[in-house]
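Take a look at the structure below.
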Number of protein chains: 2
Amino acid sequence: MTETVDLLMDAAESAMRQRGYHAVSFRELADDVGIKSASVHYYFPQKEDLGLALVRRYSAQFFADLEVRSARAVTPADLIAAFCDTYRQALIQADKICLCGMLGAETCGLPLELSTAVAEFFDANIDWVSKALPKGTKSSVRRAKAEQIVATLQGALMLATSLRNHKVFDRAAKAMTLDMAL
Amino acid sequence: MTETVDLLMDAAESAMRQRGYHAVSFRELADDVGIKSASVHYYFPQKEDLGLALVRRYSAQFFADLEVRSARAVTPADLIAAFCDTYRQALIQADKICLCGMLGAETCGLPLELSTAVAEFFDANIDWVSKALPKGTKSSVRRAKAEQIVATLQGALMLATSLRNHKVFDRAAKAMTLDMAL
DNA sequence: ACATATCTACCTATTGATAGATAGATATCA
DNA sequence: TGATATCTATCTATCAATAGGTAGATATGT
């Protein structure tokens, strides 16, 4: 039996990934779960608390998925492919962009602690990719390439959602990996 | 003397590019311009009308800028560089992401006509880049590469804003063009 | 006199948030 | 064991603030 708090977070993540932080209300989430909006404040005193919990859960889940997908990868090409697949899963399974992609766009309108948590997700993304790239490459180049990869995947999620065509993501990701020639 | 409607659109574009569609109110825009919120409805009966006007103006301005920047470009490399520069300007001059990048992320929470206008901006972006790429390349490959380029630039705007570091955009764009080897 | 632009005043709906109550489970201790 | 106390999860009711939007008066300039 799923706990109320989990149902609330599921509803909130789904809504925020579709419409953004400011377009999600406590009442809507309460209705989704079948409780009153005041009860949502029992779990998340303020909206920012909910946002933080969501980003932390999302980030943990993302890196857990990434570990699974990259477990048997050894070459840089395989590791980057695993990273792209983890992003792809976010789009295909949920038909939504990345939670942090949405909140990252809204950065300037978010409470500071929340936008910081989102930035940390991206830092961790870039770090992971940077370490996956060929060891011989200069670290500043690896960093730039990692930023390029994360940017491309985030942008591709947004673009595919706006154009309502998942293939846009697949083509952009494929074109990127072909260019990279790892 | 700048017209009220232009001041309103400037304030609205700035606010929406920072915080998103739903975090912008008529009252706030009215205050910025020094009129009452009811008067905003004189120019934009509904919020959707404002959003549409903003996207149309933004798109027109973007392609006008792009024409200027690409006027003397002939090689694919120069044309793509002009495209990247036009994106870069959006970030550097205004310290904000692209209006359509923000609204594209919020697609599922927007009135249909508005999300359609945003998608048309991206279609036009992809078309332009596709035509700028080397003529010899197969058109399906050009399309995929164009989607990759637009995705990378949009993602890089978001990433640089979230990480509060413009150099992230520059490095990602540079890494992309180096990979492309046009 | 007319069109343009802005105002005052208001409406209804919704927002995030709080106060205080309650029923039932759980822990503590004589 | 039984009484007392505390905790968990929810409720009802309400708040001040803000949202988008409207009607109708008023000013301004041709």
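Proteins get letters first, then strands, A, B, ... in listed order; numbering begins at 1 in each.
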5' precedence on DNA chain D between Gly34(A) and Gln46(B) (nearest-nucleotide basis) = Gly34(A)
Ser25(A) near the nucleic acid: base, sugar-phosphate alone, or nothing, with a heavy-atom cut-off under 4.0 Å?
-> sugar-phosphate
Are any non-hydrogen side-chain atoms of Leu29(B) and Leu50(B) less than 4.5 angstrom apart?
-> yes
Chain A vs DNA chain D, heavy-atom contacts under 4.0 Å, first-to-last nucleotide span, 5' to 3', is dT8(D) to dT14(D)
Salt bridge Lys96(B)-Glu13(B), side-chain N to carboxylate O under 4.0 Å | no
Grab the CG-C1' distance between Asp49(A) and dA17(C) for me, whole Å please.
-> 12 Å
Send over the distance from Asp6(B) CG to dA5(C) C1', rounded to a whole Å.
-> 15 Å
Tyr21(A) ring centre to Lys47(A) NZ or CZ under 6.0 Å, with the angle to the axis within 45°?
-> yes
Nearest listed nucleotide, side chain of Lys47(A), among dA5(C), dA17(C), dC7(C) | dA17(C)
Would you mind reporting whether Leu133(B) and Leu182(B) have side-chain heavy atoms less than 4.5 Å apart?
-> yes
With a 4.0 Å cut-off on heavy atoms, is Lys36(A) in touch with a base, just the backbone sugar-phosphate, or nothing at all?
-> base
Counting any heavy atom closer than 4.0 Å, what does Val24(B) reach on the DNA or RNA strands: base, sugar-phosphate only, or nothing?
-> sugar-phosphate
Is there a path from Phe26(A) to Val5(A) through hydrophobic residues (I, L, V, M, F, W, Y) whose side chains come within less than 4.5 Å of each other?
-> yes
Any donor-acceptor N/O pair, Ser70(B) side chain to Ala73(B) backbone, under 3.5 Å = no
Where the side chain of Tyr42(B) is concerned, which of dT15(C), dT4(C), dT18(C) is the nearest nucleotide?
-> dT4(C)
Could you state the NE2-P distance from His41(B) to dC7(C), rounded to the nearest angstrom?
-> 13 Å
